[in-house]
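Index from 1, following the sequence. Bear in mind that the values here come from a model prediction, so they are computed numbers and not experimental data.
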Amino acid sequence: MILLHPTYFPSITNMMAMAQASEVVFETEDNYQKQTYRNRTVIAHSNGKLPLHVPIQHSQKGLRQKTKEVRVDNSFPWQKQHWKSLQTAYRTSPFFEYYEDDLAPLFIQRVESLFEHNLAIFELLCELLGLEIPFSKTTEYLKNPPQKDLRFLVEAKKEQEFPLEAYPQVLQKEGDFLKNLSVLDLLFNEGPNAVFYLENHPSIF
């Protein structure tokens, strides 16, 4: 059983941890922090990596808000921009067309709650990958939880590098494997084989 944060289109290491766990517990009682994968993901780009950010409505100055209370700022057409970026990056990948109709609603339907949107993403990814992952939510914040604590995976500024096995990437330059992108990169490049990669990759935690 592992404890971690629901993130925006999880990284491969994040999704791998969930695929190999007996059960997932999502942290719901933490205070929102900037510069994390709560509201960002990273995809491939012709020049390397491209971060995609979900704009949020910030609380009044000095007041903290819990992640589960964070509202998305829809004054900017971020969903349209993110979908266009995915199409540009992956339209020539082997499996983008296979999954695009399932994913498109996430970039069309209006989003209000960041937390609920991340959960909806998690549930759809499990469906597309063919994963059945039991999950629950915390009811209080514990500094030393009983579950295996993988909440650090949400950090973007102090991100750790993990030894991931390479797989073919559509925008990969020779010998230049882009590690730990969004699991979407694995899905679009490997298709049905993605679940085998996630479940059978040697444990990194």
ask   = Could you walk me through whether Glu100 and Trp83 pass the side-chain contact (heavy atoms from CB on, under 4.5 Å) check?
value = CA-CA 10 Å; Glu100 66 174 325; Trp83 186 236; 3.9 Å; yes

ask   = Where do Tyr90 and Asp185 land on the side-chain hydrogen bond (donor to acceptor under 3.5 Å, both in side chains) test, with the steps shown first?
value = CA-CA 8 Å; Tyr90 295 110; Asp185 185 81; 2.7 Å; yes

task = Begin from the C-alpha positions of Tyr32 and His58 and carry the test side-chain hydrogen bond (donor to acceptor under 3.5 Å, both in side chains) through to its verdict.
result = CA-CA 10 Å; Tyr32 181 78; His58 294 284; over 6 Å; no

inquiry  = Go through it in stages, so that I can follow the logic: the residues are Val42 and Phe9, the test is side-chain contact (heavy atoms from CB on, under 4.5 Å), and I'd like the CA-CA distance, side-chain angles, deciding distance and then a yes or no.
reply    = CA-CA 9 Å; Val42 180; Phe9 289 104; over 6 Å; no

task = List the steps and the verdict of side-chain contact (heavy atoms from CB on, under 4.5 Å) for Thr7 and Val154.
result = CA-CA 7 Å; Thr7 56; Val154 80; 3.8 Å; yes

inquiry  = Let's go through Phe188 and Tyr167 carefully: what are the C-alpha distance in whole Å and the side-chain angles of both, what is the deciding distance for ring-ring contact (aromatic ring centres under 6.0 Å, His included) to 0.1 Å, and is it a yes or a no?
reply    = CA-CA 11 Å; Phe188 294 149; Tyr167 57 87; over 10 Å; no

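For Thr139, there are no side chain to side chain donor-acceptor pair (under 3.5 Å) partners two or more places apart in sequence or in a different chain. A search for side-chain contact (heavy atoms from CB on, under 4.5 Å) contacts involving Asp101 returns nothing, not counting sequence neighbours. For Tyr197, there are no side chain to side chain donor-acceptor pair (under 3.5 Å) partners at least two apart in sequence or on another chain. For Asp102, the side chain to side chain donor-acceptor pair (under 3.5 Å) criterion is met by no residue, not counting sequence neighbours.
Here Glu127 contributes atom CD and Glu132 contributes atom CD; the two are 11.0 Å apart, rounded to the nearest 0.5 Å. Note that CG of Leu50 and CD1 of Ile43 are 5.0 Å apart. Values are rounded to the nearest 0.5 Å. Considering CD1 of Ile121 and CD of Glu116, their distance stands at 11.5 Å, rounded to 0.5 Å. The structure places CG of Leu125 at 9.0 Å from CG of Leu131, a figure rounded to the nearest 0.5 Å. The CD atom of Gln57 sits 11.0 Å away from the CG atom of Leu114 when rounded to the nearest 0.5 Å. Distance check: Leu124 CG to Leu119 CG gives 12.5 Å after rounding to the nearest 0.5 Å.
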Ignoring hydrogens and angles, write down the donor-acceptor pairs under 3.5 Å from the side chains of residues 69-78, residues two or more places apart or on other chains.
residue	atom	partner	partner atom	Å
Glu69	OE1	Lys66	N	3.2
Asp73	OD1	Ser75	N	3.0
Asp73	OD1	Ser75	OG	2.7
Asp73	OD2	Ser75	OG	3.4
Asn74	OD1	Trp78	NE1	3.0
Asn74	ND2	Val111	O	2.7

Do any side-chain atoms of residues 14-23 form donor-acceptor pairs under 3.5 angstrom with protein atoms, and if so which ones, sequence neighbours left out?
residue	atom	partner	partner atom	Å
Gln20	NE2	Leu198	O	2.9
Gln20	NE2	His201	O	2.9
Ser22	OG	Met1	N	3.4

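Using a distance-only test at 3.5 Å, with no hydrogens or angles considered, no donor-acceptor pair links the side chain of Asn39 to the main chain of His53. Between the Ser93 side chain and the Asn189 main chain, no donor and acceptor come within less than 3.5 Å of each other. The main-chain N or O of Glu155 is never found under 3.5 Å from a side-chain atom of Thr36 such that the two would form a donor-acceptor pair. Asn180 places no side-chain N or O within 3.5 Å of a backbone atom of Ser11 that could act as its donor or acceptor partner.
Inter-residue side-chain proximity for Phe135 and Glu123 is flagged as met; some heavy-atom pair is nearer than 4.5 Å. Within the 4.5 Å cutoff, the side chain of Asn31 has no heavy atoms near those of the Thr67 side chain. Put simply, the side chain of Phe96 does not reach to within 4.5 Å of the side chain of Leu184, judged on heavy atoms. Residues Pro192 and Phe95 meet the side-chain proximity criterion, which asks for heavy atoms closer than 4.5 Å. Counting heavy atoms from C-beta on, the side chains of Ile2 and Gln147 never come closer than 4.5 Å. The side-chain heavy atoms of Leu178 and Gln169, taken from C-beta on, include a pair separated by under 4.5 Å. Looking at Arg151 and Pro145, their side chains come closer than 4.5 Å, going by heavy atoms from C-beta outward.
Each of Val25 and Ile133 belongs to its own hydrophobic cluster when Ile, Leu, Val, Met, Phe, Trp and Tyr are linked at side-chain heavy-atom distances under 4.5 angstrom. Taking hydrophobic clusters as Ile, Leu, Val, Met, Phe, Trp and Tyr residues chained together by side-chain heavy-atom distances below 4.5 Å, Leu3 does not share a cluster with Leu150. Side-chain heavy atoms closer than 4.5 Å link hydrophobic residues (I, L, V, M, F, W, Y) into clusters, and following such links, even through other members, never connects Val24 to Tyr141.
Smallest separation of non-hydrogen atoms from Gln79 and Ile108: NE2-N, 4.0 Å. Counting all heavy atoms, side chain and backbone alike, His117 lies closest to Leu106 at CE1-O, 3.6 Å. Considering all non-hydrogen atoms of both residues, Phe115 and Pro6 come closest at CE1-CG, 3.4 Å.
A ring-centre distance under 6.0 Å is not found for Phe152 and His5.
Residue-environment remark: CD (Glu112) exceeds the threshold of 12 foreign heavy atoms within 6.0 Å. In Tyr98, the OH atom is not crowded: 12 or fewer heavy atoms of neighbouring residues, nucleotides or ligands sit closer than 6.0 Å. Other residues, nucleotides and ligands place no more than 12 heavy atoms under 6.0 Å from the CZ atom of Phe196. Within a 6.0 Å radius of NZ in Lys80, no more than 12 heavy atoms belonging to other residues, nucleotides or ligands are found. For Glu97, the CD atom sits in a loose shell: 12 or fewer heavy atoms of surrounding residues, nucleotides or ligands are nearer than 6.0 Å.
Taking a cutoff of 4.0 Å between a charged side-chain nitrogen and a carboxylate oxygen, Lys68 and Glu29 qualify as a salt bridge. The residues Asp30 and Arg38 are annotated as salt-bridged, a charged nitrogen and a carboxylate oxygen being separated by less than 4.0 angstrom.
The aromatic rings of Phe26 and Phe122 sit perpendicular, their planes meeting at an angle over 60°, well past the 30° parallel limit.
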